[in-house]
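Some notes on the structure that comes next.
Since this is a predicted model, take the numbers as computed values, not measurements. Nothing fancy with the numbering, it's 1 onward along the sequence.
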Amino acid sequence: MQPVKILEHLPNLPLSKHKGKDLLRIDEFNGTELMELLQLAAHIKQLQKHGQPFQPLQGKTLGMIFDKASTRTRVSFEVGMYQLGGMGMFLSGKELQLGRGEPISDTAQVLSRYVDAVMIRTFSHSYVEELAQHASIPIINGLTDLYHPCQALADMLTIWEHKGKLKGIKLAYIGDGNNVANSLVLAAVLLGLDVRVATPAGYEMESSIVQKAQQYALESGGKLLLTHDVTEAVAGADAVYTDVWTSMGFEEENEVRMKAFAQYQVNEQLVAHADSDYLFLHCLPAHRGEEVTAGVIDGPRSFIFDQAENRLHAQKAILAALV
């Protein structure tokens, strides 16, 4: 299928309604609003490819708080702000006064006087919620243990580009029911995809998130299947997605997880059950030989670097809309 046709002119989207809004979870936007963000991201990407500047954030500053290591999140947000005409400022969580016990509420109010938005990549989701509660500027979740909304938007952009549609697309996620899975599934069902999630027993998605996803699927016409059978999940899939078996913060569980996930590797035998034109997706970093074989992730159906690039364009759309 031909890639999606990108609009020739900036879409006339009601994005101003999002100004000042937080993005803590992907489902703070409904399906229509997510599609609007994807249209904007696709247009911004085309402008960049043609060397046309798009700088609505001149004079704006993004504070970027990092409590977790990062490659894609830091570089894409910092470059994205620069390309939008603004500036991204790296702030190590350990070096802020937060690291010496300053209340989150105080930090939130101080940063609100200095910068125009804050992106934070940390562990506890409740920490980010408290930051947003006390800040008067947009707070963007760059990753927590519970959600990864910016990744999910980039994932949807990648599928839309290569499949030409989202509604009805069969998406299989294999592996840990983690933050990536939570946001991916919520975004997918909001946009009407047919999602199948295969996890080992004991590593399923959180039940409250599953309940929300099931309700969103009913409203959008999407589907959600939860299974322990990887073949059932992958059968006929248009896209096959996986993530590392041991996320940051769970390193002490690594040995146990290697055994629990041994039958959940995405390999050549498994993807043979997918559609012949399937996309392989992975949020990276990847461990070849663990959650995926080198033959799959480095093969002709792998679109992981398009997906990684789309973090930049999706986040630029988020920043343009919120800031």
- Task: Before giving the answer on side-chain contact (heavy atoms from CB on, under 4.5 Å), spell out for V118 and L131 the whole-Å C-alpha distance, their side-chain angles and the decisive distance to 0.1 Å.
- Result: CA-CA 9 Å; V118 167; L131 186 70; 4.2 Å; yes

- Query: Regarding T293 and R288, is there a side-chain donor-to-acceptor distance under 3.5 Å anywhere?
  - Reply: no

- Co-members of the apolar cluster containing V75 [side chain, <4.5 Å]: V79, L312

- Item | Selection residues 164-220 - residue pairs positive for ring-ring contact (aromatic ring centres under 6.0 Å, His included), sequence neighbours left out | Y173-Y241, Y203-F261

- Is it true that a side-chain atom of Q109 and a backbone atom of D106 form a donor plus acceptor pair closer than 3.5 Å? no

- Verify whether the ring centers belonging to H43 and F54 lie closer than 6.0 Å. no

- First locate atom CD of Q315, then atom CG of N310, and finally report the distance between them rounded to the nearest 0.5 Å. 10.5 Å

- Message: Please tell me whether L143 and L184 are part of a single hydrophobic cluster in this structure, the criterion being side-chain heavy atoms less than 4.5 Å apart.
- Response: no

- Query: What residues form a salt bridge (charged side-chain N to carboxylate O under 4.0 Å, His left out) with K49, not counting sequence neighbours?
  - Reply: E309

- Query: Quick one: does E291's side chain have a donor or acceptor within less than 3.5 Å of a partner on H287's backbone?
  - Reply: yes

- Message: Between T144 and H125, do the side chains contain a donor N or O and an acceptor N or O under 3.5 Å apart?
- Response: yes

- Does H50 use its side chain to pair, donor to acceptor, with the backbone of Q52 at less than 3.5 Å? no

- Query: How many angstroms lie between atom OG of S183 and atom CG of D27, to the nearest 0.5 angstrom?
  - Reply: 8.0 Å

- Between the side chains of Q215 and Q211, does any donor sit under 3.5 Å from an acceptor? no

- Message: Any side-chain to backbone donor/acceptor pair from S105 onto H134? Under 3.5 Å, distance only.
- Response: no

- Reported SG-to-CG distance for the pair C283 and D243, which is rounded to 0.5 angstrom: 3.5 Å

- Message: Working to the nearest 0.5 angstrom, can you tell me the gap between Q214 CD and L225 CG?
- Response: 10.5 Å

- Do D275 and K170 pass the salt bridge (Lys or Arg N to Asp or Glu O under 4.0 Å) test, and can you show the C-alpha distance, the side-chain angles, and the key distance before you say yes or no? CA-CA 9 Å; D275 183 81; K170 298 178 177 66; over 6 Å; no

- Quick one: side chain to side chain contact (heavy atoms under 4.5 Å, CB included) partners of Q263, sequence neighbours excluded? none

- Test item: R196 side-chain N/O and L226 main-chain N/O as donor-acceptor pair under 3.5 Å: no

- Query: Residues two or more places apart in sequence or in another chain: which of them pass ring pair (Phe, Tyr, Trp, His ring centres under 6.0 Å) with H273?
  - Reply: none

- Listed by chain and number, what are the side chain to side chain contact (heavy atoms under 4.5 Å, CB included) partners of T107, not counting sequence neighbours? L98, E102, L111

- Would you name the heavy atoms of L38 and W160 that are closest together and state the gap between them? O-CZ3, 3.5 Å

- Message: Using the salt bridge (charged side-chain N to carboxylate O under 4.0 Å, His left out) criterion, which residues pair with K223? Sequence neighbours excluded.
- Response: none

- Output all residues satisfying salt bridge (charged side-chain N to carboxylate O under 4.0 Å, His left out) with K21, sequence neighbours left out; order by chain, then residue number. none

- Query: Has the side chain of N182 got a donor or acceptor atom that lies under 3.5 Å from a matching backbone atom of L146?
  - Reply: yes

- Quick one: pull up NZ in K68 and OG in S247 and give me the separation to the nearest 0.5 Å. 7.0 Å

- Does CD belonging to E255 count more than 12 external heavy atoms closer than 6.0 Å? no

- Item | Minimum-distance pair of heavy atoms, taken over all atoms of M156 and L166 | O-CD2, 3.6 Å

- Message: Can you list everything that forms a side chain to side chain contact (heavy atoms under 4.5 Å, CB included) with A314? Sequence neighbours excluded, please.
- Response: L153, A154

- Who passes side chain to side chain contact (heavy atoms under 4.5 Å, CB included) against H228, sequence neighbours left out? T199, A201, E204, Y264

- Item | Polar side-chain atom of R301 near backbone of Y278 as donor-acceptor pair, under 3.5 Å | yes

- Message: Using modelled atom types and a 3.5 Å cut-off, is there a donor and acceptor pairing between side-chain atoms of D145 and backbone atoms of S124?
- Response: no

Report all side-chain donor-acceptor pairs from residues 316-323 shorter than 3.5 Å, counting only partners two or more places apart or in another chain.
residue : atom : partner : partner atom : Å
K316    : NZ   : Q48     : OE1          : 3.4
K316    : NZ   : Q83     : OE1          : 2.8

- Message: Within the 3.5 Å criterion, strictly below it, is a donor on R257 or T246 matched to an acceptor on the partner's side chain?
- Response: no

- Query: Are a donor atom and an acceptor atom from the side chains of D155 and Q307 found within less than 3.5 Å of each other?
  - Reply: yes

- Query: Quick check, are the ring centers of F90 and F66 under 6.0 angstrom apart?
  - Reply: yes

- Message: Keeping D22 on the side-chain end and L24 on the backbone end, is there a donor-acceptor pair under 3.5 Å?
- Response: no

- Task: Give a yes or no on whether the backbone of I174 and the side-chain of T242 come within a donor-acceptor separation of less than 3.5 Å.
- Result: yes

- Heavy atoms of A135 and A108 approach each other most closely as N-CB, 3.8 Å

- Who pairs with D67 by salt bridge (charged side-chain N to carboxylate O under 4.0 Å, His left out), at least two apart in sequence or on another chain? none

- Task: Hey, could you give me the NZ/CG distance between K259 and N254, rounded to the nearest 0.5 Å?
- Result: 11.5 Å

